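Taking it in order: structure first as structure tokens, then the write-up.
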Amino acid sequence: MLKLDVIFKRVFGNDNNKAIISAFVSDLLEIPRDSIKAIYINNVELTPEYLEQKFSRLDLKLDVDGRIVNIEMQVNFEPDFKERTLFYWSKLYSEELKAGEEYGELKHTICINIINFDLFGCENYHSSFKVLESERGELLTDKFSIHFFELKKLSKFKKNKRMEDGLNLINAETEGDLMAIQQSTTIPEVKDTIVMLRQLSADEKVRQEAYYREKRLHDEASALGHARREGMLDTLADLVKKGLITVSQAAEEANMSVSEFETKTGALV
């Protein structure tokens, strides 16, 4: 549902849904809702070319009261995701400075990453990063913020009910999930979003878009999984060749039979 980029963009990339967007952003960032005076939405067009892309990311850029807020949804694991997020934050931060402006006019830039995989070795689903001096803990600047929300940890850790209602809504995959959220939430905008999701699911055009995007995402997951397995096999084969582990140990690590491992690695061992 909402984890699918085409659905997420239809809900959170729609100017008519600013109340929903405002509620979602304020709950994720734990800022007062009435502090958000204006939201400007960019880069949300759904083109046929976008639907056909196999490897894609959802980026929703907002101007929230002079703060640059970028929301990214990433369903499949991607190597170097932390570094890519930092790089993307730096681009957002620097491109806002116009010619002739002073550095002090750079805007508070916030990256929100909603990810469908585990990235950090902690139980908390929410990780918030700032730039601090390593010994004194002194804040270098208040213009840097990067947040990660790990959806797979939602059921294991409880922190903030309002935050979790919004994230659980993104994580919902069945009508039963939506009903459970609808019955437990006290947030009007979450209930409004559930109504909207049901309307979208009844739209034939949207269902077709969702079908194509799900297929592309499955292709992406398969391609990345294959690449990781191939890389692991090369490493294991090298260890066998150097005599550091046996073929049977390598096959067990790769979750293969010895014959399958030897066939896959060929002349490498």
Side-chain angles (χ1 to χ4, degrees), residues 1-5 7-15 17-44 57-75 81-82 85-86 88-89 92-93 107-120 122-130 142-172 177-178 181-182 184-194 196-197:
M1 294 213 179
L2 265 176
K3 270 192 290 195
L4 196 60
D5 48 12
I7 304 299
F8 193 95
K9 279 203 170 189
R10 285 189 178 274
V11 174
F12 291 100
N14 188 331
D15 274 326
N17 297 336
K18 285 187 177 179
I20 288 174
I21 300 166
S22 177
F24 183 67
V25 171
S26 69
D27 289 341
L28 285 189
L29 297 180
E30 298 180 280
I31 60 177
R33 199 164 298 187
D34 58 10
S35 71
I36 300 177
K37 306 298 182 186
I39 293 180
Y40 302 97
I41 306 168
N42 303 289
N43 67 312
V44 291
R57 304 177 184 90
L58 169 67
D59 290 303
L60 188 62
K61 184 181 176 184
L62 311 174
D63 185 324
V64 182
D65 270 358
R67 292 167 290 196
I68 304 303
V69 177
N70 181 74
I71 302 176
E72 176 168 345
M73 173 78 69
Q74 182 72 24
V75 174
F81 186 77
K82 300 174 191 176
T85 299
L86 183 60
Y88 192 51
W89 176 91
L92 286 171
Y93 183 63
K107 297 179 180 180
H108 182 187
T109 302
I110 305 168
C111 283
I112 296 174
N113 299 286
I114 302 171
I115 56 179
N116 196 44
F117 51 88
D118 291 345
L119 188 62
F120 303 105
C122 62
E123 293 183 356
N124 195 340
Y125 60 81
H126 176 209
S127 297
S128 174
F129 291 89
K130 298 179 180 180
D142 62 357
K143 295 186 177 181
F144 176 98
S145 298
I146 296 182
H147 296 260
F148 296 88
F149 295 91
E150 299 171 86
L151 295 177
K152 291 189 177 295
K153 295 179 179 179
L154 277 171
S155 61
K156 305 172 186 176
F157 189 92
K158 302 301 177 186
K159 172 186 176 181
N160 179 312
K161 179 68 165 63
R162 297 187 69 88
M163 185 184 292
E164 286 148 18
D165 280 359
L167 292 171
N168 279 322
L169 186 57
I170 291 175
N171 220 14
D177 294 336
L178 292 180
I181 296 167
Q182 189 174 35
S184 66
T185 189
T186 60
I187 305 173
E189 292 83 3
V190 169
K191 294 181 179 181
D192 292 342
T193 305
I194 291 173
M196 191 177 307
L197 288 173

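All of these numbers come straight from a predicted model, not from anything done at the bench. Counting from 1, the numbers follow the sequence of the chain as shown.
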Q. Are any side-chain N or O atoms of Lys3 and backbone N or O atoms of Val75, one a donor and one an acceptor, separated by less than 3.5 Å?
A. no

Looking only at heavy atoms, the pair that brings Asp177 and Ala172 closest together is CB-CB, 3.7 Å

| task | Say whether, by atom type as modelled, one donor and one acceptor occur between the side chain of Asn160 and the main chain of Met163 under 3.5 angstrom. | result | yes

ask   = Do Lys130 and Asp142 sit within salt-bridge range, that is, some charged N less than 4.0 Å from a carboxylate O?
value = no

When you compare the side chain of Val69 with that of Ile39, does any pair of heavy atoms fall below 4.5 Å?
no

Here the gap from Ile194 atom CD1 to Met196 atom CE, rounded to the nearest 0.5 Å, amounts to 11.0 Å

Whether the side chain of Glu189 engages the backbone of Phe24 through a donor-acceptor N/O pair (distance < 3.5 Å, no angle test) should be reported. no

query = If we only count heavy atoms from C-beta on, is the Leu28 to Leu167 side-chain gap below 4.5 Å?
reply = yes

### Any donor-acceptor N/O pair, Ser26 side chain to Ala23 backbone, under 3.5 Å
yes

Would you say that Thr193 contacts Val190 through its side chain, given a criterion of any heavy-atom pair below 4.5 Å between the two side chains? no

Non-hydrogen side-chain atoms of Phe149 and Ile170 separated by less than 4.5 Å = no

Exercise for review: Go through Ile112 and Asn70 one step at a time and tell me if the side-chain contact (heavy atoms from CB on, under 4.5 Å) criterion holds.
Suggested key: CA-CA 6 Å; Ile112 296 174; Asn70 181 74; over 6 Å; no

Of all heavy-atom pairs linking Asn124 and His126, the shortest is OD1-N, 2.9 Å

If we only count heavy atoms from C-beta on, is the Val64 to Ile110 side-chain gap below 4.5 Å? no

In this structure, CZ of Phe120 is separated from CZ of Phe129 (nearest 0.5 Å) by 4.0 Å

Is Leu86 close to Phe144 at the side-chain level, that is, under 4.5 Å between some pair of heavy atoms? yes

When rounded to the nearest 0.5 Å, the distance separating OG1 of Thr85 from CD1 of Ile146 is 6.5 Å

Note: Lys161 and Ser184 closest approach over all heavy atoms is NZ-O, 3.5 Å

Across all chains, not counting sequence neighbours, the side chain to side chain donor-acceptor pair (under 3.5 Å) partners of Asn113 are none

Closest heavy-atom pair, Cys111 versus Leu92, reported as atoms and distance to 0.1 Å, is SG-CD1, 3.9 Å

Scanning both residues in full, the closest heavy-atom pair of Cys122 with Lys153 reads O-NZ, 2.6 Å

- Go through the steps to decide whether Asn171 and Asn116 satisfy the test side-chain contact (heavy atoms from CB on, under 4.5 Å), and finish with yes or no. CA-CA 8 Å; Asn171 220 14; Asn116 196 44; 4.0 Å; yes

When rounded to the nearest 0.5 Å, the distance separating OG1 of Thr109 from CZ of Arg67 is 11.5 Å

Separation between CD (Glu72) and CD1 (Ile115), nearest 0.5 Å, reads 9.5 Å

Quick one: does Glu164's side chain have a donor or acceptor within less than 3.5 Å of a partner on Lys159's backbone? yes

Quiz item: Got Lys156 and Tyr125 here, is their nearest side-chain heavy-atom distance under 4.5 Å?
Solution: no

Open item on the list: Using side-chain heavy atoms (C-beta onward) and a distance below 4.5 Å, is Ile20 in contact with Phe12?
Closed with: yes

Sorted by chain and residue number, the salt bridge (Lys or Arg N to Asp or Glu O under 4.0 Å) partners of Asp63 (sequence neighbours excluded) come out as Lys107

So CD of Gln182 and CG of Asp165: to nearest 0.5 Å the spacing works out to 12.0 Å

Nearest heavy-atom contact between Ser22 and Ile36 is O-CD1, 3.7 Å

Walk me through whether Ile68 and Leu62 qualify under side-chain contact (heavy atoms from CB on, under 4.5 Å).
CA-CA 6 Å; Ile68 304 303; Leu62 311 174; over 6 Å; no

Inset, instruction - Check the pair Asp27 / Arg33 against side-chain contact (heavy atoms from CB on, under 4.5 Å), numbers first and verdict last. - result: CA-CA 8 Å; Asp27 289 341; Arg33 199 164 298 187; 3.2 Å; yes

